Structure formats: structure tokens, C-alpha cells
Amino acid sequence: MNTEWQSHLLYLDEVHVSYPDSQDNHKVILNNINTKVLPGEFITIVGPSGCGKSTLLRLILGAEKPTRGTVVINGEPVEGPSRNRGIVFQRYSLFPHLTVLENITLGLGLEAFSLLGRYIRPSYRRKRKEFNQKGLQYLERIGLADAADNYPYQLSGGMKQRVAIAQALIMNPKILLMDEPFGALDHATRQEMQLFIQQQWKQMKTTIFFVTHDREEALFLGTRIWVLSHYYQDAHGAKIVVDKDIPGPHPKPDSTKYTTEFTQMLEQIRRDGLDPEYLQRIDEFDLSHRDAYSQLPKNE
Ligand SMILES: Nc1ncnc2c1ncn2[C@@H]1O[C@H](COP(=O)(O)OP(=O)(O)O)[C@@H](O)[C@H]1O
Ligand SMILES: [Mg+2]
């Protein structure tokens, strides 16, 4: 057995997704996605609207199955959702009738009490106290200790999104999936949140998959970028057309955004993935990453 392969957290093995369309033909969404991810990577994903970014996240979450191919996590094919994988969406997934603390501890409670049964009172109370303490620690960590008893409507957009992230992180997931999480925030809040998520990622050592429509955000945040696109010659569904390690420290100083290297990478991503006029040939794809599928040995 190849041990190098065992060290991978995620392996997308010839993953293919298609949906029946109105004429009962199959519309291909993802075409043969092959890639591997190591634990602790921060992967940012950009691509034209509708190309299949959310579909890819749903596959990793286990909320959807590939039409062909396999999603493998820690050596096991994914069969469904798991507490090891959390997701944060653009629209805050908080319950309006629960306080911030109740929202944050919701997952812990659901998990424990569905096993224990709500009516085993002493154990319920003890657990509740334990969860609240843990919830308060997380609130401290996200800088919202004073907001424990507030309701979501009392919070700003950025605060709500912090709570949503804490709600996912408190379950200590191995993988955190984020689907345009900062898309609804204003510019200043967005910059704050970019620093915030990098701090959390460093502390928690979670592997993050982060979809954004903002190329600059993608290059600024990630340790590796995927450009998913259906703009290539003979296209039949989206492929990863760029797979690159992003150089530099994490988090990066803000000045990075003004360097020539950064500007050139921005332009390359625009051209290779987002410009419908620029149709690459498959063999010209820039798959320079160590795990790029063109470099995989056959029959692995
Ligand atoms: N359950 C579904 N049935 C049919 N088509 C779907 C389904 N889910 C997504 N699609 C289609 O798949 C494509 C990719 O969708 P999505 O992953 O949401 O793209 P993105 O997140 O990149 O904007 C879109 O054309 C969308 O209409
Ligand atoms: Mg989407």
C-alpha cells in the first residue's frame, strides 16, 4: 500500500457529476475531477458562476454523491454527512429564536441528546453546563463574549457570520467548507473577517475549502487555489483548470496585494478560468501543483 497516499485527507478520484436536463439528456456539471488534499491546507476555489463550485462542496460534505467516481476522506469513501465536516454559507444559518450562545452550542446539544435522550435529567443538566462553558470559550475566541444572550437580529452581518463560523468550529471538524461566506459583507467587515478566518484556521488546524467570487480574496487567504471552469476547448462540464500553491506567509501582510507577483497571478486566474474568450486546450492547463492530476501515476 502506498503510504504517501494515506497521508492525504481528501482524494477526489475521477469525480463526475451530471444532472438530467429538461430533454432528459444529461448535463455534465463536473467532468473528471482528480485531486488530493493534505491535512491543514486552506484551499480557495474560484470559477465562473454556475460552473459547479457549490456542487463540489456538497460532494465533500457528503450531501450529494458523484454520478461516477469516489470522494475519499481519510481513506474511506464518503457515504453521507459527518460531524467531521462543517459548512458555512453566505447567508447566516443562525436560528432567529435562539440566543448567540444557544446557536453556538446547538450542534453539541443535538449530538449528545439524540444519544442520551433528553429526559435523563441529571445528565442533561450536567452536559448543558459543559456545553455552555465550551460555548462561552468560543465566544471569547471570536470576540463576542458580551453577546452571549443576544439574538441574531441584534448582531451586525460580520458578527452573525462569526457566530456561524463558531457554530461549525465548536464541533471540531476536520474539514470546514465555506461557500462564499463573506459575499454579503461590506468591504471593511470583509477584510476583518479574512483575518479572523485565518487566525481560526491557524489555531484549529482545520482543512478549509473556501469558495469565493473574489480572486483577490482567494489569493490572499489560501495556501492553494483551484480555478474550476468550463471554459476550455471541447468543454463538457467543469474541470480544475488551475491548481497552484500560493506562495508567501499565512496570513499575508496587506501589502502583498500590490506586488507584481500577486497582480500577475490575478490576471492568470482571470484568463485561464474566467474568460470565456480564452479557451485553453486541456494539455495546456497549468497543473503545476504536486498533486495535479496530470502528474498522478496511472492506476493509482
Ligand atoms: N440538483 C440539481 N439538479 C439539476 N441541476 C443542478 C442541481 N444542482 C445544481 N445544478 C446545476 O449545476 C450547475 C452548477 O451549480 P452550482 O454548483 O450551484 O454552481 P456554482 O456554485 O459554481 O455557481 C448549475 O448549472 C446548476 O443549475
Ligand atoms: Mg455556488
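The figures here come from the full heavy-atom set of this structure, side chains too, leaving out hydrogens, waters and symmetry mates. Everything numeric in this text was worked out from a predicted model, so none of it was measured. Just follow the structure's listing: the first ligand is 1, and inside any ligand the first atom is 1.
The nearest heavy-atom contact from the protein to atom 4 (C) of ligand 1 is Tyr19 CG, 3.3 Å. Regarding atom 19 (O) of ligand 1, its nearest protein heavy-atom neighbour is Gly52 N, 3.2 Å. Remark: minimum distance from atom 27 (O) of ligand 1 to any protein heavy atom is reached at Lys27 NZ, 4.5 Å.
For the Mg ion (ligand 2), the set of nearby N, O or S atoms under 2.8 Å includes one belonging to Ser54.
Cation-pi geometry between Arg224 and Phe42 is not met: the NZ or CZ atom fails to fall both under 6.0 Å from the ring centre and inside 45° of the normal.
At least one heavy atom of Arg58 lies less than 4.0 angstrom from ligand 1. Contact between Gly50 and ligand 1 is present, with at least one heavy atom of the residue lying under 4.0 Å from the ligand.
Here Tyr151 sits in one hydrophobic cluster together with Tyr153; the rule is ILVMFWY side chains under 4.5 Å apart, joined directly or through other members.
Residues Phe182 and Phe210 place their aromatic rings such that the two centres sit under 6.0 Å apart.
In terms of N/O distances under 3.5 Å, ligand 1 is not approached by Ser49.
Counting only heavy atoms, the protein gets under 4.0 Å from atom 6 (C) of ligand 1.
Those atoms of ligand 1 with a heavy atom of Thr55 less than 4.0 angstrom away are 14 (C), 15 (O), 16 (P), 17 (O).
Of the residues listed (Ile240, Asp245, Val46), the one engaging Ile225 in a side chain to side chain contact (heavy atoms under 4.5 Å, CB included) is Val46, and it is the only one.
Between Leu59 and Lys65, the closest side-chain pair of non-hydrogen atoms is not below 4.5 Å.
Judged by distance alone, the side chain of Thr99 and the main-chain N or O of Asp149 form no donor-acceptor pair under 3.5 Å.
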